[in-house]
Amino acid sequence: MRPVTDTLSLSSLTPPVRDAIRGALLSWFRAGHRDLPWRRSADPYRVWVAEIMLQQTRTETVREYFDRFLARFPDVAALAAAPLDDVLALWSGLGYYGRARNLHAAAREIVARYGGRFPQDAEAVAALPGVGPYTAGAIRSIALRQRAALVDGNVARVLARLFALPLRPQEADGRRALWQLAEELVPEAPEAADADNDPGDFNQALMELGATVCLPQQPRCLLCPVSEVCLARRQGDPERYPPPRPPRQVPEVDRVTLLLCQGGQVLLLRRLPAGLWGGLWEPPTGEVDPRGPHQALQRLCQEQLGAQLPVERAQPLSPFVHLLTHRRMRFQPYRLEVAAVPPLHPQGEYDQLRWLDPSRPAALGMSAWVSGLLGRLHTPRRVCDAERTT
DNA sequence: AAGCCGGGGCA
DNA sequence: TGCCCAGGCTT
């Protein structure tokens, strides 16, 4: 690696400086990096699945999901042939379930339009549902070995610090500048066996640096291969970059949910395929009613099940809070044990119905709060004495 | 441009 | 608590 003594700025990103950064990052990455399952082969399918899972999700979280997913769906044909329910079941707990729906739709598109072979064309890759600018760059550079840039949260932070850019990645001009920088830095794909200047390795090096060294708080600059050229470090306070994003208000929402039990089984409904928790299974859930819990439960049964049930016998369980990026949801669960039920017709927000034995959890797509609630049902703790829903 | 879309780890 | 995470889609 060549030492770089020039003052680094956008205008001084000369070819020698650029090459020095490339060389330092590539040799640092190749000297040692985390052993991640999706790095063991450059199969476009594996890279694609991993990159979708990695959207807004930590690598350590993805690791287990990826292995289970690849064991069940080893190739794009297997994924395309599976029902969406099975895909969502393996996605349960990972969040952003629209990713799973898009992944499944894209797999079917790859089979239908490209004969099951992953498209190589840049426009075709970018046109797949669920594949945006970042994921397209990742697939093209890592799996297809094309010269393609990428900017994720890690890269944005590394570049903002390296060049001391007071740019917010979530704003348009910040995005534009960071992407332009990334595109100037990413090396050309090697002609043949020459493994140097691999665009995929370079991009992974940038991300690895952001994930393990150039951390949001307390960056470990002493371990950084490019600390000598880092303007933020030269200024003495790398944490200033990128500037913090403005905090946002998170509205609170109250819900009641009904665990209808019969013969050791609990009723679950499947949500409509779009929107929050689309396609996932949950107990009938609805809004609270200012008139009281009985009215809320009665309305719930009427609107979501098309039935009347003895909701006055429902017992309140411990309420819990479920946090989302844009909502703070407070759930008040009720349990209602019945000997027999009238005919039930899923409607409203739901399109299907089934009974589940909570002690033998089936492979169903469920949100984390549903899994937690069913687990609590299986091994009950205690029932709330107070019946308060406000 | 802003809002919607999950869940978890960590200071 | 607040912040952030190998972002994308819709309006």
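Computed from a prediction, not measured in an experiment: that's the story for all the values here. The chains referred to below are lettered A, B, ... by the order of the sequence lines, with proteins before strands, and numbering in each begins at 1.
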Which value, in whole Å, describes the distance between the P atoms of nucleotides C/dT11 and B/dG6? 16 Å
Nearest heavy atom decides the nucleotide; on that basis, is A/Gly275 or A/Gln218 closer to the 5' end of DNA chain B? A/Gly275
From C-beta outward on A/Leu54, which listed nucleotide comes closest to its side chain: C/dG7, C/dA6, B/dG6? C/dA6
Would you classify A/Ala138 as touching base, sugar-phosphate or nothing, given that sugar-phosphate means primed atoms plus P, OP1 and OP2, and contacts are heavy atoms under 4.0 Å? nothing
Side chain A/Thr57 and base B/dG6 donor-acceptor under 3.5 Å: yes
Listed nucleotide nearest any side-chain atom of A/Gln55, set B/dC5, C/dA6, C/dG8: C/dG8
Under the 3.5 Å rule, do the base of B/dG6 and the side chain of A/Tyr96 count as making a donor-acceptor pair? yes
Using whole Å, what does the distance between atom C1' of nucleotide C/dG8 and atom CH2 of A/Trp91 come to? 12 Å
Between C/dC3, C/dG7, B/dG7, spot the one nearest the side chain of A/Gln217, thanks. C/dC3
Choosing from B/dG7, C/dG7, B/dA1, which nucleotide comes nearest the side chain of A/Thr325? B/dG7
What nucleic acid atoms does A/Gly210 come within less than 4.0 Å of, heavy atoms only: base, sugar-phosphate, or nothing? nothing
Both A/Ile142 and A/Pro247 contact DNA chain C. Which one's nearest nucleotide lies toward the 5' end? A/Pro247
Are any of A/Trp277's side-chain N or O atoms less than 4.0 Å away from OP1 or OP2 of B/dG7? yes
Any donor-acceptor pair under 3.5 Å linking the side-chain atoms of A/Tyr350 with those of A/Glu282? yes
Below 4.0 angstrom from OP1 or OP2 of C/dG8, is there any side-chain N or O of A/Thr135? yes
What do the steps show when you test A/Arg18 against A/Glu184 for salt bridge (charged side-chain N to carboxylate O under 4.0 Å, His left out), and what is the final call? CA-CA 8 Å; A/Arg18 186 197 58 196; A/Glu184 290 173 12; over 6 Å; no
Is A/Leu150 touching bases, backbone alone, or none of the nucleic acid, heavy atoms closer than 4.0 Å? nothing
Can you tell me if A/Arg101 touches the phosphate of C/dC9, counting only side-chain N or O atoms and a distance under 4.0 Å to OP1 or OP2? no
Other residues, nucleotides and ligands only: do more than 12 of their heavy atoms fall within 6.0 Å of CZ on A/Arg117? no
If only side-chain N and O atoms of A/His326 are considered, is one of them under 4.0 Å from the OP1 or OP2 phosphate oxygen of B/dC4? no
Looking for any heavy atom pair under 4.0 Å, which part of the strands does A/Val62 touch: base, sugar-phosphate only, or nothing? nothing
Between P on C/dC5 and OH on A/Tyr134, what's the gap in Å once rounded to a whole number? 12 Å
Starting from P on B/dG3, measure out to CG on A/Leu324 and report it in whole angstrom. 16 Å
Using whole Å, report how far CZ of A/Arg168 lies from C1' of C/dC3. 15 Å
Residue-phosphate contact under 4.0 Å: A/His322 side-chain N/O, B/dG6 OP1/OP2: no
Assuming nearest nucleotide by heavy-atom distance, tell me which of A/Arg327 and A/Leu323 is located more 5' along DNA chain B. A/Arg327
Distance between P atoms of B/dC4 and C/dA6 (Å, rounded): 24 Å
Please state whether the rings of A/His322 and A/Phe331 are parallel, tilted or perpendicular, taking 30° and 60° as the class boundaries. perpendicular
Should the ring pair A/Tyr45 and A/Trp48 be called parallel, tilted or perpendicular, given that the plane angle runs from 0 to 90° and is split at 30 and 60? perpendicular
Nearest-Å distance, CZ (A/Arg39) to P (C/dA6)? 11 Å
Contact class for A/Pro244 vs. all strands (heavy atom < 4.0 Å): base, sugar-phosphate, or nothing? nothing
Integer-rounded Å distance: B/dG6 C1' and A/Arg328 CZ: 16 Å
Please test A/Phe73 against A/Phe69 for ring pair (Phe, Tyr, Trp, His ring centres under 6.0 Å), starting from the C-alpha separation and ending with a verdict. CA-CA 6 Å; A/Phe73 308 116; A/Phe69 198 93; 4.9 Å; yes
Does any donor-acceptor pair link the side chain of A/Arg58 with the base of C/dC4 at a separation under 3.5 Å? yes
Please classify the nucleic acid contact of A/Gly98 as base, sugar-phosphate, or nothing, using heavy-atom distances under 4.0 Å. nothing
Measuring from the side chain of A/Arg175 (C-beta onward, heavy atoms only), which nucleotide among B/dC4, C/dA6, B/dA1 has the closest atom? B/dA1
Starting at the 5' end of DNA chain C, which residue's closest nucleotide do you reach first, A/Thr59 or A/Pro129? A/Thr59
Counting heavy atoms from C-beta on, name the nucleotide in C/dG8, C/dC5, B/dG7 closest to the side chain of A/Ser367. B/dG7
Integer-rounded Å distance: C/dC9 C1' and A/Gln56 CD: 13 Å
To the nearest 0.5 angstrom, please state how far the CG atom of A/Asp86 sits from the NE2 atom of A/His104. 8.5 Å
Need one value for A/Ala172: base, sugar-phosphate or nothing, where a base atom within 4.0 Å counts as base even if backbone is also close, heavy atoms only. sugar-phosphate
Round to a whole Å and report the spacing from CG of A/Asn102 to C1' of B/dC5. 11 Å
How about CD on A/Glu312, more than 12 heavy atoms from neighbouring residues, nucleotides or ligands closer than 6.0 Å, or not? yes
